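What follows is a short report on a single structure.
These numbers come from the heavy atoms of this one structure, side chains and all, not from hydrogens, waters or symmetry mates. First the proteins, then the strands, lettered A, B, ... as listed; each starts at 1. Not measured: the values here are computed from a predicted model.
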Amino acid sequence: MEATKKMTTSTNQTIDWKLFFNKYATPVLLVILISFNVVFTPNFANINTMWNILIQMTTILLTALGMTLVIASGGIDISVGSVMAISSIISAKSLGLGVLPAILVGLLVAAVCGLFIGLIIAKFKIQPIIVTLPMMIGIRGIAQVTNDSQLLNFDSPAYSFIGTYKFAGNIPVQVLIMIIAVAVVYFISNKMAFGRYVQAMGDNYRASRLTGINTFLVIIGIYVISSALAGFAGIIETARLSAADANAIGKLMELDAIAAVAVGGTPMTGGRPNVIGTVFGVLIIQIITVAVNMNNIPYTYSLVVKAIVIILALWARRNK
Amino acid sequence: MDERILLHMKSISKSFPGVKALKGVDLEVKKGEVHALMGENGAGKSTLIKVLTGVHIEDEGEIYFEDKQIFTNTTLQAQKCGISTIYQELDLIPELSICENIFLGREIMKKGIIDWKATQKRAKEILDDMGIDVEVTSILSSQSTAIQQMVSIARAISINARLVVMDEPTSSLDDKEVRVLFEVIKKLKAQNISVIFISHRLDEIFEICDAITILKDGERVGYSLIKDITKLELVSKMIGKDASQIISRKKSYNKDKMSNENIIVTKNIVRDPKVKGIDIEVKKGEVLGLAGLLGSGRTELARLIFGADLPQGGELYINGKKEKFNLPKDAIKKGMGFCPEDRKIEGIIPNMSVKENITLAILPRLTKMGIVSRKEQEKIVNKFIQALKIKTPHMNQAVKNLSGGNQQKVILARWMCMNPELLILDEPTRGIDVGAKKEILDLIEQLASDNISVLMISSEIEELMHACDRIAVIRDGKKVGELYAEEIGEEAIMNSIAEGHQSFA
């Protein structure tokens, strides 16, 4: 064993650089992106810009964290945007029950969506994209019907607290929410048996089954977590805006979430969930959106820029 | 045979992160020669072949083919030079038909569209020449591993290869199929096509090969013509120790000592089309072998017992209690473990570490409130890495980077750490070199003496004779014979497979 370790020293420099880029492409890209904006985007290097980025990235981050587990298991969940919407509208509608019940009802609705999706995937062994596609359409539909496709305004300072509160007058509550969410999902992925099972199933499903992993429960667990996080994202967004709009909330969120996970380095074919990578991925996507905005570039162009950066990131960390 | 050199690989070196796989290896293959490449797992055979065929690029060294230097940086370049490979893990497309697979990437075209008639005709010709009778339009995955391999060889032949590399071509074949393969190899020789032949079966090497190159730890430790070397010399060169240790011996076995407790009893277990009503008992602490030709239903039977597949009928008793056929996780709870035939597809989790692979099944026991105890985990892993002599730079190495024998040991460790009552081993030594093979057979013996029952499937009769107390012979989905250790002889088993004697007991 000692002998093989010594041999590694003879590996030459170029290979080390390749490995380095392969491993750290996402943070490196993030640093480049930030440096570029600090120099070229007016007012970018400003504390308020940072708070803004952090507030706005919360919803993407929460859905992307769930998506990290889903993708690591070899699946995909394109219904998360719609789950955000249904949580948002039902939670807002339930405000009559009180603030805490309203939040819990929103989360419960999301979790039930996840349970349903997970059950179908696990029980009938249908590919996740085929299952979540009609879910994306159907759940959005139900969300819209719930309030006749109307914007639902409300006035509840206590509810809005979870989207607008600022610690020490400056630090948005979202920062705390994100730290907790990242810590929890990181813990699940890296310290819990559940995380091992997710990775094993994504890497080699047949072997996982023969090893005695309860694939049925793990799949359901994954989609419940993913949907619940998406629902939570919907609730926070609703609280921030003091309004629920089932037509708009979470629209195309699944794409941002998937892109962030891919950029963050979780293999799209399943395998090790890279939770920290996902955080970097979300930051990259959000910074592009904000920077494009601040430079008064039209939204449509921002999509092109986003696409280019995503491709760059994927190229940088491609395998060989 | 032509005395001219076809292939000359000159001082090839190749490193991977953490390991120097090849250290200046030479390989010379003459025209029309069958050249054996031997070595233990991890000796560098596969790496050398992958360098030759363009899967890996060498760090140093040169390759000459027909006296011209060639650069095989991609598999396509290697193919164009006339080098074709039959890989251990078949690189065919399971969902395409046989003829599509043979001509994949080189479709026979007529006016811009595929000429299916010509494709099928040509495929049929090639397979007929090889003596393989199979419907060329059938889907590849519906065929046995053996047929799939023949298709792979047919593909190489159809490319007009000058050099065909066969990486463990016989590991998944039964004796009859090996004969067919050897006929095919002889035909290749007659056409002055060279073959690099990798196998762990000494008899095969001595039967079919002309010359041999022996690798050990990434270096060439021997080159010889087959006629100038003995089996013992070869083996001792490969493993670098006294060869007398490896000579197989028959198991001494005492019927009176045998427990009468049955761990597993199956009655009339059925799953069409491979298993047609099999009764079998596995006793406590016994090694029961399942002999039979490939496709006889042995693997399918084992999978039914473990719950990997569900049967259509029959009864299962575990420790005397009637049980439902269920999922693998239920079988595991009842104290079973299963090492599948195909490690890569059903055994290892390739990108996970040695540590995670070993502890995957036992995680619930290492977990408190869903949290894995790393200390416990590492303790177990260290114990089994040592006990099974798993060669890995460290326990966090991805298991896909280990050699076949060490991967198999990892899977064995996965089950052994569960303290199982019954281990089902499907071809446990497939694709494993002599040294590791002996280690694994010793392990099986160790298991039995620890009162763990073993149900073992193997295509190698010698190996069954070495390891088993009792052998059940399966033919065409039925048990046709049962032999006790003292009756176990190659001839007896062969007879039973061929004639279908009823139990001698």
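Without hydrogens or angle criteria, A:Arg209 side chain to B:Ala308 main chain gives a donor-acceptor distance under 3.5 Å. A donor-acceptor contact shorter than 3.5 Å is absent between the side chain of A:Asn204 and the backbone of B:Pro350. In this structure, the side chain of B:Asn351 does not engage the main chain of A:Gly271 through any donor-acceptor pair within 3.5 Å.
Once rounded to the nearest 0.5 Å, the distance linking OG of A:Ser208 with CE of B:Met352 reads 8.0 Å. For the atom pair CD1 (A:Ile213) and CG (B:Leu363), the distance works out to 8.0 Å, reported to the nearest 0.5 Å. Distance CG/A:Leu210 to NZ/B:Lys329: 13.5 Å, rounded to 0.5 Å. Atom-to-atom distance recorded for A:Thr211:OG1 and B:Ile332:CD1 is 6.5 Å, nearest 0.5 angstrom. The structure places CZ of A:Arg206 at 14.5 Å from NZ of B:Lys344, a figure rounded to the nearest 0.5 Å. Remark: A:Lys191 NZ to B:Thr367 OG1 distance equals 13.0 Å, nearest 0.5 Å.
Residue A:Tyr205 does not touch chain B at all, counting heavy-atom pairs closer than 4.5 Å. Looking at B:Ile411, there are no atoms closer than 4.5 Å to chain A (heavy atoms on both sides), in backbone or side chain. In this structure, no portion of B:Met418 lies under 4.5 Å from any heavy atom of chain A. Proximity to chain B is absent for every atom of A:Thr215, based on heavy atoms less than 4.5 angstrom apart. Proximity to chain A involves both the backbone and the side chain of B:Ile371, based on heavy atoms less than 4.5 angstrom apart. Looking at A:Arg272, neither its backbone nor its side chain comes within 4.5 Å of chain B, counting heavy atoms on both sides.
Counted within 6.0 Å of CD on B:Glu378, heavy atoms from surrounding residues, nucleotides or ligands total more than 12; the atom is thus considered enclosed. Atom CZ of A:Phe216 has more than 12 neighbouring heavy atoms from other residues, nucleotides or ligands inside a 6.0 Å radius.
The minimum heavy-atom distance between B:Gly347 and A:Ala207, with the atom names listed, is O-CB, 3.3 Å.
With respect to chain A, the highest number of heavy-atom pairs below 4.5 Å among B:Arg374, B:Arg303, B:Arg414 belongs to B:Arg414. The candidate from B:Thr359, B:Asp330, B:Ile345 with the greatest count of non-hydrogen atom pairs under 4.5 Å with chain A is B:Ile345.
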Does the pair B:Val372 and A:Met192 meet the rule for a side chain to side chain contact (heavy atoms under 4.5 Å, CB included), with working shown? CA-CA 5 Å; B:Val372 181; A:Met192 293 185 71; 5.7 Å; no
